[in-house]
2 protein chains.
Amino acid sequence: MISPETAELRILDAAETLFYGRGIQAVGMDEIRSASGVSLKRLYQLFPSKGELIQAYLRRRDVRWRQKLAAYADSQATPEESILAVFDWLHEWFGEPDFRGCAFSNSFGELGATSSAVAETARAHKEAFFRYLAELTAAAGKPASLGDHLALLAEGAITTAAITGSAEPAHQAKAAARVLLEAAPPSPSRAQPSRSRA
Amino acid sequence: MISPETAELRILDAAETLFYGRGIQAVGMDEIRSASGVSLKRLYQLFPSKGELIQAYLRRRDVRWRQKLAAYADSQATPEESILAVFDWLHEWFGEPDFRGCAFSNSFGELGATSSAVAETARAHKEAFFRYLAELTAAAGKPASLGDHLALLAEGAITTAAITGSAEPAHQAKAAARVLLEAAPPSPSRAQPSRSRA
DNA sequence: GGAAGGAGAGAACGAGCATTCTCTCCATCG
DNA sequence: CGATGGAGAGAATGCTCGTTCTCTCCTTCC
């Protein structure tokens, strides 16, 4: 028998691939069983209902997505470069063969009206993403409004890339972000941190 | 007996309210029958399958949405004002009590992976919207890239407004659009049309 | 008036699916 | 060795839903 931890991982991996790739309602629990190789009984022991599996899928994806983004962007030398790197990371993501847009926007569109848990998880994900961009913006000594504007560009790029099937919106968004970044005045309220600039 | 035209209108009205408000898969044909008051037999005579009703719903919504947007934006005095008015219109839309994001992004997230017809309709809608912004941008004598950037802002505002339940993203997107508009140089390739400017 | 045809209401059918149950098997422990 | 208990496979259950069918009734046309 495989360990409960391994079973949980296999289930979450299968659920993520299937839910993200085909939509949540299009995937039955039976299919998650076959894809994960974990028996239905065990599946229900670990996740007592499909709704709980959906929440687990979304929660794990939220953490991983933001970690990968932050790992990429935070490795840049300056806050300005980190901001622009966000859009480079989006471009890489859009180019992945199984890219199908934002899992949270998709599940919100599919279930947000009928499941308040899904709606709330999607809201929390977007809020965390906005907060991250706000931090980068503040670190660059730019006004908070710039963070919101950058987030809207990124959000629009994700949706547009998903529907058109092109990674190009990431480059377009980056170009727009550069204009906004250069046009934004230094933030009046908070001193710019002394991170070195090339 | 009500006329076939009236029956079709009632069905499409009911389908739009229900599909948009709750998601397509969450609404059964039986519910569309009760909401429209048209018998199931007649419903299937006019729309031979749920898939065809979905397509009819999306097609009609595409036309009406773009007409309303254009009617609002085109009534402005200058192309620049038309561009900014797009975001004012979005703000009005976001404030409607039943606003739940872009019907096309939502249906793409829900069915795009399993229905190529839905995916294609969503793509066509976004493309038409991009084209409209490209026209406004060209009329303002600005480079084509500005049109793409504005479209990404609008797209991001729609998604963000839907998930957060706030109309504020429209104002944020408008502010960003104003910056991009003012920063964009006159288009080199095409002469600015002689529409009068205040 | 009477036949015919179409309309509506809703039952019926068949598939899909979330969830539970059964049965068999194997490992562990006395 | 034999009993116990948990595991897996997958059948069973009950519900939802897309689609079709039936039955009754009304209208229309001769």
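The sequence lines fix the lettering, A, B, ..., with proteins before strands; numbering per chain opens at 1.
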In the hydrophobic clustering (ILVMFWY, side-chain contacts below 4.5 Å, transitive), which residues join A:I163, or is it alone?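 Its cluster partners, ordered by chain and number, are B:F108.
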Classify every nucleotide of nucleotides 12-27 of chain C by which part a protein heavy atom approaches to under 4.0 Å, writing B for the base, S for the sugar-phosphate alone and - for neither, in 5'-to-3' order. ------SBB-------
I'd like to know if B:R64 pairs up with B:E16 as an ion pair, taking the criterion as any Lys NZ or Arg NE/NH1/NH2 lying under 4.0 Å from an Asp or Glu carboxylate oxygen. yes
Assess whether a salt bridge exists between B:R59 and B:D62, defined as any Lys/Arg side-chain N lying under 4.0 Å from an Asp/Glu carboxylate O. no
Test B:W65 against every option in B:Y132, B:F129, B:Y57, B:F104 by the ring pair (Phe, Tyr, Trp, His ring centres under 6.0 Å) rule and name the one that passes.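 Running ring pair (Phe, Tyr, Trp, His ring centres under 6.0 Å) over B:Y132, B:F129, B:Y57, B:F104 with B:W65 returns exactly one hit, B:F129.
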Between P on D:dG18 and CD1 on B:I32, what's the gap in Å once rounded to a whole number? 8 Å
How close or far is atom P of D:dG18 from atom CG of B:L43, stated in whole angstroms?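 Taking atom P of D:dG18 as the reference, CG of B:L43 is at 11 Å.
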Would you mind telling me which of D:dG8, C:dG10, C:dA7 lies closest to the side-chain atoms of B:R42? C:dA7
Once the angle between the rings of B:F94 and B:F99 is folded into 0 to 90°, is it parallel (under 30°), tilted (30 to 60°) or perpendicular (over 60°)?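 Geometry flag for B:F99 against B:F94: tilted rings.
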